[in-house]
Amino acid sequence: MPWEDVIALAVFNPSVSAGAVTGFGWNFALLPPDPERPGYTLPGAGIIVGVGGLPGALAQWEYIRRFMEEGPEAITPSAREWGLEWYDAYVAREKAECERTNDMARWRRFRRKRLWEHARFAHWYTEYRMKHVLPKAVPRDWLAEWSKPLPKEQWAKPSEELARLSEEVRRIRQRDPQRPVEEVFAEAYRRQGVEA
């Protein structure tokens, strides 16, 4: 799939019942276009994840964009390790800090929030699906074969517009690495004269 053809969305979803709005949430979606129906996405082929808000969706996009355009060395090593082991270590660090500062009320709030989010289950379930469900869902060795890197001469070439925009984003981020990602892209689009 040519990278520039992939569609990324940050979507605000209010949950509505017959009587009222019952909740709000943000999703980040990455969708491949349908090659046979221009303007449509391929049904059932994308990924959609819940995020904490627009900044979370934009941060998710920036992470994927940097990986796709700059390679695995462009992303933080810790981001590659967000599995069950990472989650358990994160909880242990938080507990140790609360015990050190004798702030057990903070620890109880932390645990209650993590339980409400089903965070450990989500990490476990993701790993379970990768180890047990996915191998049964695809033909033997197909995923390993499909996942092999393409030779560089087969890589889709980015358009000049995307290359200029990516370079502008890199320049802005080097100047101010802590700047919110939505501001970085807004300025890059403005400087390149591109409609966001």
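Considering CD of E161 and OG of S166, their distance stands at 10.0 Å, rounded to 0.5 Å. Annotation: the span from D176 atom CG to E183 atom CD amounts to 8.5 Å, rounded to 0.5 Å. Remark: F28 CZ to L58 CG distance equals 8.5 Å, nearest 0.5 Å. The structure places CD1 of I64 at 13.5 Å from CZ of R66, a figure rounded to the nearest 0.5 Å. The structure places CG of L162 at 11.5 Å from CD of E167, a figure rounded to the nearest 0.5 Å. From E168, atom CD reaches atom CZ of R190 across 10.5 Å, with rounding to the nearest 0.5 Å.
Each of V51 and V11 belongs to its own hydrophobic cluster when Ile, Leu, Val, Met, Phe, Trp and Tyr are linked at side-chain heavy-atom distances under 4.5 angstrom. No chain of hydrophobic side-chain contacts below 4.5 Å, direct or via other Ile, Leu, Val, Met, Phe, Trp or Tyr residues, connects I7 to I47.
More than 12 non-hydrogen atoms from other residues, nucleotides or ligands lie less than 6.0 angstrom from CZ of F12. Heavy atoms of other residues, nucleotides or ligands lying less than 6.0 angstrom from CD of Q154 number more than 12. The environment of Q178 atom CD is sparse: at most 12 non-hydrogen atoms of other residues, nucleotides or ligands sit within 6.0 angstrom.
The shortest distance between side-chain heavy atoms of E97 and R106 falls below 4.5 Å. Within the 4.5 Å cutoff, side-chain heavy atoms of R108 are placed close to those of M104.
Each of Q192, R179, E182 was scored for a side-chain contact (heavy atoms from CB on, under 4.5 Å) with E187, with one residue passing: R179. Tested against L9 for a side-chain contact (heavy atoms from CB on, under 4.5 Å), the candidates L30, T41, L31 yield a single pass: L31.
Taking A10 as the reference, W26, L54, A57 meet the side-chain contact (heavy atoms from CB on, under 4.5 Å) condition, with sequence neighbours excluded. In this view, R65 and E62, E69, E70 satisfy the salt bridge (charged side-chain N to carboxylate O under 4.0 Å, His left out) rule, not counting sequence neighbours. When the side-chain contact (heavy atoms from CB on, under 4.5 Å) test is applied to A96, no partner is found at least two apart in sequence or on another chain.
Nearest heavy-atom pair, N27 versus G50, reported as atom, atom and distance to 0.1 Å: OD1-CA, 3.4 Å.
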With side chain to side chain contact (heavy atoms under 4.5 Å, CB included) as the test, would you mind laying out the steps for V91 and F110 before giving the verdict? CA-CA 9 Å; V91 171; F110 175 83; 4.1 Å; yes

